[in-house]
Structures are given as structure tokens and as C-alpha cells.
Number of protein chains: 2
Amino acid sequence: MPTAEQIAGPRDAASGRARGSYAKSDATRGAILDAALEVFAQGGYRAGSLREVASRVGLSEPAILHHFRSKSRLLAAVLERRDDHASQFIDEVPEDGIDAMHGLVALARYNASEPGVVELYCTLSAEATAPSHPAHDYFVRRYQMLRHAMFVSFSNLEARGLLRPGVTPDLAARSTLAMMDGLQVQWLLDRSTLDMAEDLRAHLRRLTTIEI
Amino acid sequence: MPTAEQIAGPRDAASGRARGSYAKSDATRGAILDAALEVFAQGGYRAGSLREVASRVGLSEPAILHHFRSKSRLLAAVLERRDDHASQFIDEVPEDGIDAMHGLVALARYNASEPGVVELYCTLSAEATAPSHPAHDYFVRRYQMLRHAMFVSFSNLEARGLLRPGVTPDLAARSTLAMMDGLQVQWLLDRSTLDMAEDLRAHLRRLTTIEI
DNA sequence: GTCTATAAATTGATAGAC
DNA sequence: GTCTATCAATTTATAGAC
């Protein structure tokens, strides 16, 4: 899985922390990242301000920039942290195709319980379609990775004869990724009338013959 | 179809133009709207500046604000103009379900030929999931309208026995809208490896039994 | 590690001349 | 209808005291 470090340059290789910081300040860094996720989640990266982040965490703007050298590096750290946390859903799926399908539905259900994360990725991925966006390369790599992981899963199902006629692993991967993204946009605009996990499950049932 | 006027308040009811302007300045207004679409398309509404719009059209910022009283009203005018232009694809679909399906594929193919429009709606719809966004209500209404139009089309197919077993008009409408949106995000991030119209066609073939 | 103070740039919008 | 000049607000980031 590609880390978010490439967005804003290298950091301390061993700890993943900025050089010179110790365990004591990790709590502060964590609080800043929590606040930054909220701020970037509603309105995206450009609309979110360091002032808003500082206000929520009860610090000054220079204090934020002391822990994360710039706004773009703060965004990189937020994404990196989410990657670590979400890897339990993503990294373990490719082994067995059937487990992978259940993992995708579980991911959709988990996402529905964390609106902030959905807002973050939904807003940022659209904002980052602009090549000049600091997270553009990150999202290009992320989509390549996700599409490849799904391709492997659907290939596993294809080898076991569990794909419906006319469904190829490549098409299944693209369409499933598109379905998850599109459902998120609709869900964010009207969270009452849409069950992301249930609609994703129905989609996967039309691609495969397994019981989901 | 809901107009974009509600974003920034009422305008002259008869002409759709700002009060007091005449045919002569319509060319200028059109040029401004063309430039504004480009600017808002890459990066969204908040990241786009009036200065950039003015620069592209060869006018000063106050000249822009003379024709459109504020930045949010400029955005409303851009969306209103696209609504007018895209209505040929949307407004005429509900009559016959089969024609509607072909219309959706044609719309996807048309969108692929106008990257700027895809960027505009893709970026804005994600940005506008924030309730405070000036175009939030517009996009909520837009999705309700699109979902309803598709529901009518799929209901027509259902009545003629053209939906596959287990597919309801409601689910088909939600999933098709999600598919179109999700494909656009992937396409914007990597335009070479994805054919939006072809993937949408495959999706519709798994929902219905008609030849598309 | 956190602060105040401030720089330097950009923003949307207004006033008023022509 | 378009301009110059300007305002007031906001932004990221830095300098330096504590």
C-alpha cells in the first residue's frame, strides 16, 4: 500500500514520526490529526484552514506548524494515519475471493459509521483530480492499488467459476470501485435514504454467484 | 428540472437575464460563463478565483461582478447554463425505458468528449456535500431529480418485464447514478484506462435484459 | 513546545471616474 | 460597461521571546 509520505517528502524512516519528537508529544500530534481530519472532511483541503484546526485542538497556528511543517504535510499525515487504520480491511482481502467480498461489504458498513472518513476521501478524491493538487499523486496511486486488489480478488473468484457469465475481473474491479465511490456521494448528500453496504452487496450479487 | 437560480436568489423572471442587460452584453456574459466553467472545473468553486476568471476572459474583476453580482451568483449562472444545454439528454428520457437506457449511454459518451463539464460536476458535487456550500441545495435537488427520472425509466422497463430477477426500479436508479458518478472520478484520475460509456453499458446490461 | 507578533500574498467586493 | 484604486478579511508561514 502506498504511504502518504510522498505527498510532502520524506520523514524519519524508522519511527514514521518527524525527527526529534518523542512519545510525549505524540498525544498532541494525535489530537491535531483528529481535528485536521474533521476540518479537511468538510469542504476539502483548500477550504480547510490551519486556523480552524488550531481552534478545534486548542492550540495556535504556529503550534500546528511546529508538529507538521506545512499544511500539505499535515494532509499527508492525516491520510497516512487513515491508511494505517484502514489496512486491516484492505491488506488482508486478496487471499480468498469470497472473504474479500465480505470484507468490502464490511468496509462499506464501517464507513457508514464514520461519516468523517467518508467525507474526507470523497471530497479529497474529487478535489485531487486536479493534477496540481498536493494529494493528486496519492489518489492516483491509491486507485491503482485498490483496483489491483479487487482485480486479484475477482480473479480468484473467476478461477473458481464464481463469476457470472460475461463478467471479467477487470470490469468487476472498475465497476465495484465506481459503485463504492458513487454510493458515498449520494449518501453524503442524503444519508437517510441510502444504505451503502446493502446496495454494494446487491451489486456484488449481480457480479458473482456467491452468497453475500 | 430545478433551475440553478435558487443558489443565489431570484433574477428577471421573463428573460432569465439580470435586469437591465440587453442582447449586446450577452456575448460578454457568455464569454465570462465559458471562462468560469473552466476555472470552477479545475479545483472546484472555493479554489477558483474571480481574478482567474477575469484574466481568462480579458476583463477586470469588477467587470465580472457587474454582470454577476457575486461569485456565488456566477456559479449559479454556470450551472443554469449547463442545465439548459444538458436538458436534451435528461428531459426526454422518461417516456420509453429502452430509449432512456440508450440516452444514458449517449450522455456518458458525450461527457467523455467534454472533460471540463465532467470535472465541474464531479468536483462540485463532492465539494457541495458540505451543507454550507452555496451549491449544496442545488445538488441535493439535482440528485433527487436524476434519481426520480431513472426510477421512472426503470419502472417502465419493469412493467414490460425487462428487468432481471431481483432488480427493483429503486435499486436500479440508485446504483446506476452511483455507477455514473464513480466512473467519472476514476476517469478523471486516469483517462486512458477507462471507457465510461462502455462500462455504464455493461452495468445496464446486468440490470436489464434489453440489448444496449 | 507554545506563544505573540508579523510578514506576504490572495481573496471577494465596493467606490467612483470615465 | 469597464476601468483604477482600494478595502477588509483571510490565508500560510516565519521570527523570536518565553
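A, B, ... follow the sequence lines: proteins, then strands. Residue 1 opens every chain. It should be emphasised that the depicted structure is a prediction, and the values quoted were computed from it without experimental measurement.
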Output all residues satisfying side-chain hydrogen bond (donor to acceptor under 3.5 Å, both in side chains) with A/Tyr45, sequence neighbours left out; order by chain, then residue number. none
Who pairs with B/Glu127 by side-chain hydrogen bond (donor to acceptor under 3.5 Å, both in side chains), at least two apart in sequence or on another chain? B/His133
Looking at residues at least two apart in the chain, or sitting in another chain, which of them share a salt bridge (Lys or Arg N to Asp or Glu O under 4.0 Å) with A/Glu61? A/Arg51
If you take any heavy atom closer than 4.0 Å to DNA chain D, which residues from residues 54-66 of chain A end up in contact? A/Glu61, A/Pro62, A/Leu65
List in chain and number order the residues that pass side-chain contact (heavy atoms from CB on, under 4.5 Å) with B/Leu194, two or more places apart in sequence or in another chain; answer none if no residue qualifies. A/Arg147, A/Arg174, B/Leu183, B/Gln186, B/Trp187, B/Met196, B/Asp199
Where DNA chain C forms runs of at least three Watson-Crick or G-U pairs (i with j, i+1 with j-1, under 3.5 Å), the stems are C:1-7 with D:12-18, C:9-18 with D:1-10
Taking distance alone, no hydrogens or angles, what donor-acceptor pairs closer than 3.5 Å link side-chain atoms of residues 113-122 of chain A to residues at least two apart or in another chain?
from	atom 1	to	atom 2	distance (Å)
A/Ser113	OG	A/Tyr110	O	2.5
A/Glu114	OE2	A/Tyr110	OH	3.0
A/Glu119	OE2	A/Arg191	NH2	2.7

Which residues pass the side-chain contact (heavy atoms from CB on, under 4.5 Å) test with A/Glu52, not counting sequence neighbours? A/Val39, A/Ser49, A/Arg56
B/Ser132: what forms a side-chain hydrogen bond (donor to acceptor under 3.5 Å, both in side chains) with it, not counting sequence neighbours? none
Contact residues, residues 45-53 of chain B to DNA chain C [heavy atom, < 4.0 Å]: B/Gly48, B/Ser49, B/Leu50, B/Arg51
Can you list everything that forms a salt bridge (Lys or Arg N to Asp or Glu O under 4.0 Å) with B/Arg201? Sequence neighbours excluded, please. B/Glu198
I'd like to check the side-chain hydrogen bond (donor to acceptor under 3.5 Å, both in side chains) partners of B/Asp195; sequence neighbours left out, ordered by chain and number. none
